[in-house]
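Protein chains get the first letters and strands the later ones, always in sequence-line order, with residue 1 at the start of each.
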Protein chains: 2
Amino acid sequence: MRQCFYPSLSKMPLSHILNALSDPARLKIVKILLEKGEQPCGGFRMTVSKSTMSHHFKVLREAGLIQKRGEGTTHITSLRRDEIEARFPGLLNAIAAANKPL
Amino acid sequence: MRQCFYPSLSKMPLSHILNALSDPARLKIVKILLEKGEQPCGGFRMTVSKSTMSHHFKVLREAGLIQKRGEGTTHITSLRRDEIEARFPGLLNAIAAANKPL
DNA sequence: TTGATAGTTCGATTACTATCGAATAACAAA
DNA sequence: TTTGTTATTCGATAGTAATCGAACTATCAA
């Protein structure tokens with residue numbers, strides 16, 4: 001698996017994070033990671049193409065929200081929970097709480 | 001002052017809210033409202049043109065985040081704090097808390 | 001009525017972004 | 001080595017959005 005760059009959360013502007021989360025597909029990805037933990041790409045069961053999924057993963061990764069590790073032919077995606085919480089306390093909780101009424 | 005439509009927060013998707021907040025100028029507007037309370041348009045001291053400001057106010061209003069009331073020739077903008085808090089508990093706090101390290 | 005102030009709307013431009021299919025890369029199993 | 005699986009990258013396209021100046025609306029004051 002190719003190496004990729006993971007930005008430091010400590011210098012990440014909040015607007016970048018919110019921009020990454022403002023797409024419904026990406027918000028769904030994050031919600032699934034929050035609720036079910038780390039997933040392979042196929043674990044998200046979205047209706048968009050593989051290349052579009054890769055694009056969304058890239059946006060989330062460059063915003064500092066997710067990381068990947070390779071396991072054989074699959075890439076496991078996980079949230080950078082602790083770092084996000086340290087930089088933006090309560091943000092993930094607010095997103096998780098918003099699941100209920102939807 | 002012309003009447004305008006204020007959407008119900010109860011049906012507002014989180015992604016719309018986050019999209020409205022994902023622009024640095026709009027995030028700054030919300031932060032100012034959080035810290036200093038309601039403001040006339042001129043109270044924000046931003047570097048963009050008046051028409052651009054109007055555009056950002058419209059996006060924030062249509063996302064259910066702000067409301068306006070006319071007072072003479074000025075329009076006072078305020079946050080819909082309680083409604084936002086009821087629909088997305090903790091979201092405004094998370095934004096307010098993120099001010100500190102910046 | 002005339003002028004000043006505050007803000008919105010319109011039309012245009014420019015830049016960004018979501019999406020896809022095709023090509024590619026990495027890996028495992030046969 | 002060949003084949004199948006998983007996922008990324010590339011190039012194109014279509015839609016969206018940020019920005020501005022100019023024109024307009026509304027209100028108050030002189």
Between [options], which one does the side chain of [X] approach most closely?
X	options	answer
B:His75	C:dA6, C:dT8, D:dT8	C:dT8
A:Val48	D:dT8, C:dC20, C:dT8	C:dC20
A:Ser51	C:dC20, D:dT8, D:dA7	C:dC20

[X] [atom1] to [N] [atom2]: how many Å, rounded?
X	N	atom1	atom2	value
A:Phe5	D:dT9	CZ	C1'	19 Å
B:Gln39	C:dG7	CD	C1'	16 Å
A:Glu71	C:dA28	CD	P	11 Å
B:Met46	D:dA18	CE	C1'	12 Å
B:Phe44	C:dA6	CZ	C1'	14 Å
A:Met53	C:dG21	CE	P	15 Å
A:Ile76	C:dC27	CD1	P	15 Å
A:Ile66	D:dA7	CD1	C1'	13 Å

[X] side chain N/O closer than 4.0 Å to the phosphate oxygens (OP1, OP2) of [N]?
X	N	value
A:Thr73	D:dT5	no
A:Lys50	C:dG21	no
A:Ser49	C:dC20	yes

Item to check | CG on B:Leu21 to NZ on B:Lys31, rounded to 0.5 Å | outcome: 10.5 Å

Checklist entry - Got a second to check how far B:Met46's CE is from B:Cys41's SG, nearest 0.5 Å? => result 11.0 Å

With the 4.5 Å side-chain cut-off for hydrophobic clustering, are [X] and [Y] part of the same group?
X	Y	answer
B:Leu14	B:Leu9	yes
B:Leu79	B:Val59	no
A:Ile76	A:Leu65	no

Every protein N/O lying under 3.5 Å from an N/O of nucleotides 15-18 of chain C:
unit_1, atom_1, unit_2, atom_2, d
C:dA18, OP1, A:Arg26, NH2, 3.1
C:dA18, OP2, A:Arg26, NH1, 3.0
C:dA18, OP2, A:His55, NE2, 2.8
C:dA18, O5', A:Asp23, OD2, 3.4

Next on the checklist: Do A:Tyr6 and A:Lys68 have side chains that approach each other closer than 4.5 Å (heavy atoms only, starting at C-beta)?
Outcome noted: yes

Item to check | Chi angles and distances behind the side-chain contact (heavy atoms from CB on, under 4.5 Å) call for A:Leu34, A:Arg81 | outcome: CA-CA 9 Å; A:Leu34 273 170; A:Arg81 289 187 86 129; 3.5 Å; yes

